[in-house]
Amino acid sequence: MQPESQVIGLKKQKLQKIIDLGINPFPNRSKRTHKINILRENQDEFVKQKQKVTICGRLDAMRRQGRIGFGNVSDDSGRIQIFVKKDVVGEENYEIFKLLDLGDFVQIEGECFVTQKGEYSVKAHKITILSKNLRPIPTVKEKIVDGKIKRWDEFSDIELRYRKRYLDLLLNPEIKKTFEIRAKIINEVRNYLDNKGFLEVDTPVLQTLYGGANARPFITHHNTLDTSFYLRIATELYLKRLIVAGIEKVYEMGKDFRNEGMDRTHNPEFTMMELYQAFADYFDMMDLTEDLIYEISKKISGSENIIYQEQEISFKKPWKRASMIDLILEETGFDASDFDYEKIKKFCKKNEIEIEPNAGAGKLIEELFEVFVEPKLFQPTFVIDYPKEVSPLAKTKPGNPNLVERFELFIAGNEFANAFTELNDPIDQRKRLEAQAKLRELGDLEANVVDEDFLEALEYGMPPTGGLGVGIDRLVMLFTNNTSIKEVILFPQMRPEI
RNA sequence: GGGCCUGUAACUCAGUGGUAGAGUAUCUGCCUUUUAAGCAGAGAGUCGAUGGUUCAAAUCCAUCCAGGCUCACCA
């Protein structure tokens with residue numbers, strides 16, 4: 001009682017009593033004949049036949065009254081009441097029942113019946129302890145009112161929910177649905193791509209050079225080689241090597257790591273799907289993205305619409321496609337199509353947009369887009385044709401040396417996908433990476449580094465290729481109606497506790 | 001990093017300068033069809049941490065720690 005340690009002490013005393021009775025509180029084996037949902041599904045028949053069942057689960061409520069008692073047992077399929085009567089289980093077994101704590105795993109051998117108050121229950125003939133609880137589980141009580149679950153003392157502290165996710169899942173069962181949907185989405189992405197003939201691969205997480213995105217990496221050390229390694233920030237450069245290798249359709253789904261700020265939409269490690277398709281371009285990638293997410297919507301929500309934060313999002317094809325320059329013009333009346341640095345800079349200053357020292361016209365245009373357009377893109381929108389300056393791995397748009405064939409997909413004001421017609425000209429690619437390296441020298445810690453092996457691979461020849469990256473965590477947020485990435489990652493990154 | 005907010009018992013929360021509270025959980029007793037079981041009683045706290053103001057601090061001030069929202073940053 002007193003502090004938690006005393007409660008734990010009491011539980012350990014009970015444990016000792018159980019041991020003294022010659023009972024193993026942590027037996028190696030259990031024997032279950034029915035899961036709880038099976039009992040529910042066959043209620044009428046089981047009650048009629050007084051069906052003998054053995055259920056296993058966690059004891060999560062107890063109401064004892066003298067020589068009888070009720071409890072609730074949960075497994076992953078449901079929850080059911082147990083009824084324990086001293087006359088039925090016998091003196092010795094009733095003593096064991098009295099030694100049970102909430103949180104214990106138990107095995108109940110008994111028969112199905114209905115209580116006087118009409119509650120479908122298992123009348124215990126024998127109770128077996130499967131695993132003794134030694135730490136008090138926060139108590140959540142619930143009652144169904146008008147078909148809705150009303151809870152008292154809900155386990156709701158956000159920090160605790162994330163730090164002790166096992167308790168969150170145990171005490172807030174609906175959280176599990178988020179992760180079931182997450183698994184479904186990942187399966188659907190995989191099925192979709194496998195069916196289209198994409199080969200799933202694994203490329204290194206530990207890399208001697210990192211690239212494929214603008215981000216600061218995590219650095220680690222290999223003891224035997226006495227070398228620094230980077231945790232990958234993207235899979236791009238390895239997957240393109242596989243396109244060089246003649247694998248025409250390839251994808252990888254896995255964790256990327258970026259050593260950057262954390263907020264509602266960023267976790268240091270996150271799940272990304274990247275795919276590359278030879279003899280394709282960014283238009284093909286748009287079609288694929290559209291179709292993939294449309295199919296996910298049909299699978300997950302059963303329709304081409306979802307409700308996100310009380311607004312309807314429609315995935316009905318085709319989605320809006322608009323160029324970045326046009327969207328800026330629409331929102332602000334400002335025409336940036338000439339890439340006139342002084343003019344654009346003046347407009348940025350007028351609108352109090354911060355100008356980084358090394359930013360050129362392209363970077364400023366992107367800033368304008370982010371400030372004026374991005375938050376307004378609620379329905380799925382492909383924003384196409386990005387400034388070359390901010391896209392070192394994408395191919396130039398024919399007829400406009402300032403632009404590249406690139407798009408990002410925006411839904412509900414957030415970025416969901418990034419894709420381009422991949423740059424396969426090794427000479428141009430070298431120039432672009434060297435320009436990035438210069439930015440690094442000027443202090444841009446997120447700029448790309450020159451990857452000589454990647455450039456060498458391109459020199460062997462890479463076919464025209466379309467590439468696409470999709471943030472899986474954000475997709476899950478969208479389809480589970482969450483606004484924080486921490487809600488869709490089981491164990492989100494938290495500051496260590498002191 | 002800035003602004004705003006939060007941190008009190010295992011859980012959910014009251015408590016704005018004067019002896020730390022409630023419900024649930026826990027423990028004891030009663031109770032043979034309960035279900036947020038009930039009734040009676042008991043125990044339970046470094047009031048996030050440190051320093052300061054004061055006769056007196058959970059309460060006021062400062063710093064720090066952790067978290068949330070938001071802005072910035074991170075395309």
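Quick caveat: nothing in here was measured; it's all calculated off a predicted structure. Letters A, B, ... are given to chains in the order of the sequence lines, protein chains preceding strands, and every chain is numbered from 1.
Comparing Val390(A) and Ser484(A) along RNA chain B, the residue whose closest nucleotide (by nearest heavy atom) sits nearer the 5' end is Ser484(A). Looking at which nucleotide of RNA chain B each of Met494(A) and Gly261(A) is closest to, the 5′-most match is held by Met494(A).
At a cut-off of 3.5 angstrom, the base of rU34(B) holds at least one donor-acceptor pair with the side chain of Thr115(A). Checked by distance alone, Glu119(A) brings no side-chain donor or acceptor within 3.5 Å of a matching partner on the base of rU34(B). Counting atom types as modelled, Asp157(A) pairs no side-chain N or O with a base atom of rU12(B) as donor and acceptor under 3.5 Å. Evaluation of atom-type donor-acceptor distances gives no pair under 3.5 Å for the side chain of Glu154(A) against the base of rU12(B).
Side-chain polar atoms of Thr421(A) and Glu405(A) form a donor-acceptor pair below 3.5 angstrom. If you check the side chains of Asn267(A) and Lys486(A), you find no donor sitting under 3.5 Å from an acceptor.
The distance between atom CG of Leu160(A) and atom C1' of rG68(B), rounded to the nearest whole Å, is 13 Å. One atom, CG of Leu167(A), and another, C1' of rC11(B), lie 11 Å apart when rounded to the nearest Å. Straight-line distance from the CH2 atom of Trp152(A) to the C1' atom of rU35(B): 11 Å, rounded to whole Å. Separating the CD1 atom of Ile355(A) from the P atom of rA72(B) is a distance of 16 Å, rounded to the nearest angstrom. Note: NZ (Lys11(A)) to P (rA10(B)) measures 14 Å, nearest angstrom. Protein atom CG of Asp263(A) is 17 Å distant from nucleotide atom P of rG2(B), rounded to whole Å. As a whole-Å value, the separation of Lys98(A) NZ from rU26(B) P is 16 Å. When rounded to the nearest whole Å, the span between CG of Leu439(A) and C1' of rA75(B) equals 13 Å.
For rA25(B), there is no paired base (Watson-Crick or G-U wobble, both distances below 3.5 Å). Nucleotide rA62(B) is matched to rU50(B) when pairs are restricted to Watson-Crick or G-U wobble geometry with both distances under 3.5 angstrom. Searching all strands for a Watson-Crick or G-U wobble partner of rG38(B) with both distances below 3.5 Å returns rC30(B). In this structure, rA9(B) forms no base pair with any nucleotide, since neither Watson-Crick nor G-U wobble geometry is met with both distances under 3.5 Å. When Watson-Crick and G-U wobble pairs are counted only if both distances are under 3.5 Å, rG43(B) pairs with no nucleotide at all.
Regarding contacts with the backbone of rG67(B), every side-chain N or O of Arg161(A) stays at 4.0 angstrom or more from both OP1 and OP2. Arg216(A) has no side-chain polar atom (N or O) that falls below the 4.0 Å cut-off from OP1 or OP2 of rC74(B). For the pair Lys117(A) and rU33(B), the criterion of a side-chain N or O lying under 4.0 Å from OP1 or OP2 is not met. Residue Arg63(A) places no side-chain N or O under 4.0 Å from the OP1 or OP2 atom of rU34(B).
Residue Arg151(A) is classed as having no contact, given no heavy-atom separation below 4.0 Å to the nucleic acid. Contact annotation for Lys14(A): backbone-only contact, meaning every heavy-atom pair under 4.0 Å involves sugar-phosphate atoms and none involves a base. Among the heavy atoms of the strands lying under 4.0 Å from Glu142(A) are primed sugar atoms or P, OP1, OP2 only; no base atom is included. Within 4.0 Å of Glu415(A), counting heavy atoms only, lie sugar-phosphate atoms of the nucleic acid but no base atom. Among the protein residues, Glu159(A) comes within range of the sugar-phosphate backbone only, with heavy atoms under 4.0 Å from sugar or phosphate atoms but none that close to a base. Across all strands shown, Ser156(A) has heavy atoms under 4.0 Å from sugar-phosphate atoms exclusively, and none from any base.
Only the P atoms considered, rU32(B) is 42 Å distant from rG15(B), to the nearest whole Å. To the nearest whole angstrom, the two C1' atoms, one in rA36(B) and one in rG43(B), are 23 Å apart. When the P atom is compared between rU63(B) and rG1(B), the two are found 15 Å apart, to the nearest whole Å. Spacing of C1' atoms, rA58(B) relative to rC71(B), comes out at 32 Å, to the nearest Å. For rC64(B) and rU28(B), the C1' atoms lie 44 Å apart once the distance is rounded to whole Å. Spacing between rU70(B) and rU34(B) at atom C1', rounded to whole Å, works out to 49 Å. Across rC31(B) and rG45(B), the matching P atoms stand 32 Å from one another, rounded to whole Å. Nucleotides rG23(B) and rA14(B) have their P atoms positioned 16 Å apart, rounded to a whole Å.
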**Worked check of side chain to side chain donor-acceptor pair (under 3.5 Å) between Tyr238(A) and Gln207(A)** = CA-CA 10 Å; Tyr238(A) 280 96; Gln207(A) 306 182 342; 5.1 Å; no
**Request:** Start with the C-alpha distance between Thr483(A) and Tyr308(A), add both sets of side-chain angles, then the distance that settles side-chain contact (heavy atoms from CB on, under 4.5 Å), and finish with yes or no.
**Result:** CA-CA 9 Å; Thr483(A) 56; Tyr308(A) 184 74; 3.9 Å; yes
**Prompt:** Could you go step by step and tell me if Asn358(A) and Asp444(A) meet the side chain to side chain donor-acceptor pair (under 3.5 Å) rule?
**Reply:** CA-CA 9 Å; Asn358(A) 300 311; Asp444(A) 182 351; over 6 Å; no
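With rU32(B), rC69(B), rG23(B) as the choices, the nucleotide that has an atom nearest any side-chain atom of Asp87(A) turns out to be rU32(B). Considering only side-chain atoms of Arg406(A), the nucleotide from rC11(B), rA66(B), rA75(B) that sits closest is rA75(B). Side-chain proximity of Lys141(A) to rU34(B), rA37(B), rC74(B): nearest is rA37(B). Out of rG68(B), rU34(B), rU32(B), the shortest distance to the side chain of Lys486(A) is found at rG68(B). Of the listed nucleotides (rU32(B), rC27(B), rA66(B)), rC27(B) has the atom at the smallest distance from the side chain of Asp101(A). With rA66(B), rU26(B), rC11(B) as the choices, the nucleotide that has an atom nearest any side-chain atom of Arg163(A) turns out to be rA66(B). Ranking rA75(B), rU32(B), rC27(B) by closeness to the Glu446(A) side chain, first place goes to rA75(B). Among the nucleotides rC11(B), rU35(B), rA75(B), the one closest to the side chain of Pro138(A) is rC11(B). Distance from the side chain of Arg264(A) is smallest to rU70(B) among rG68(B), rU70(B), rU35(B). Here the side chain of Glu356(A) is nearest to one of rC74(B), rU33(B), rU32(B), namely rC74(B).
Contact annotation: the side chain of Phe70(A) never approaches that of Arg64(A) to less than 4.5 Å [non-hydrogen atoms, C-beta and beyond]. You'll find the side chain of Asn133(A) reaches within 4.5 Å of the side chain of Lys11(A), heavy atoms only.
The aromatic ring centres of Phe407(A) and Phe382(A) sit less than 6.0 Å apart. Aromatic ring centroids of Phe113(A) and Phe83(A) lie under 6.0 Å apart.
Considering Asp428(A), Leu393(A), Thr396(A) in turn, Asp428(A) is the only one that fulfils the side chain to side chain contact (heavy atoms under 4.5 Å, CB included) rule with Leu423(A).
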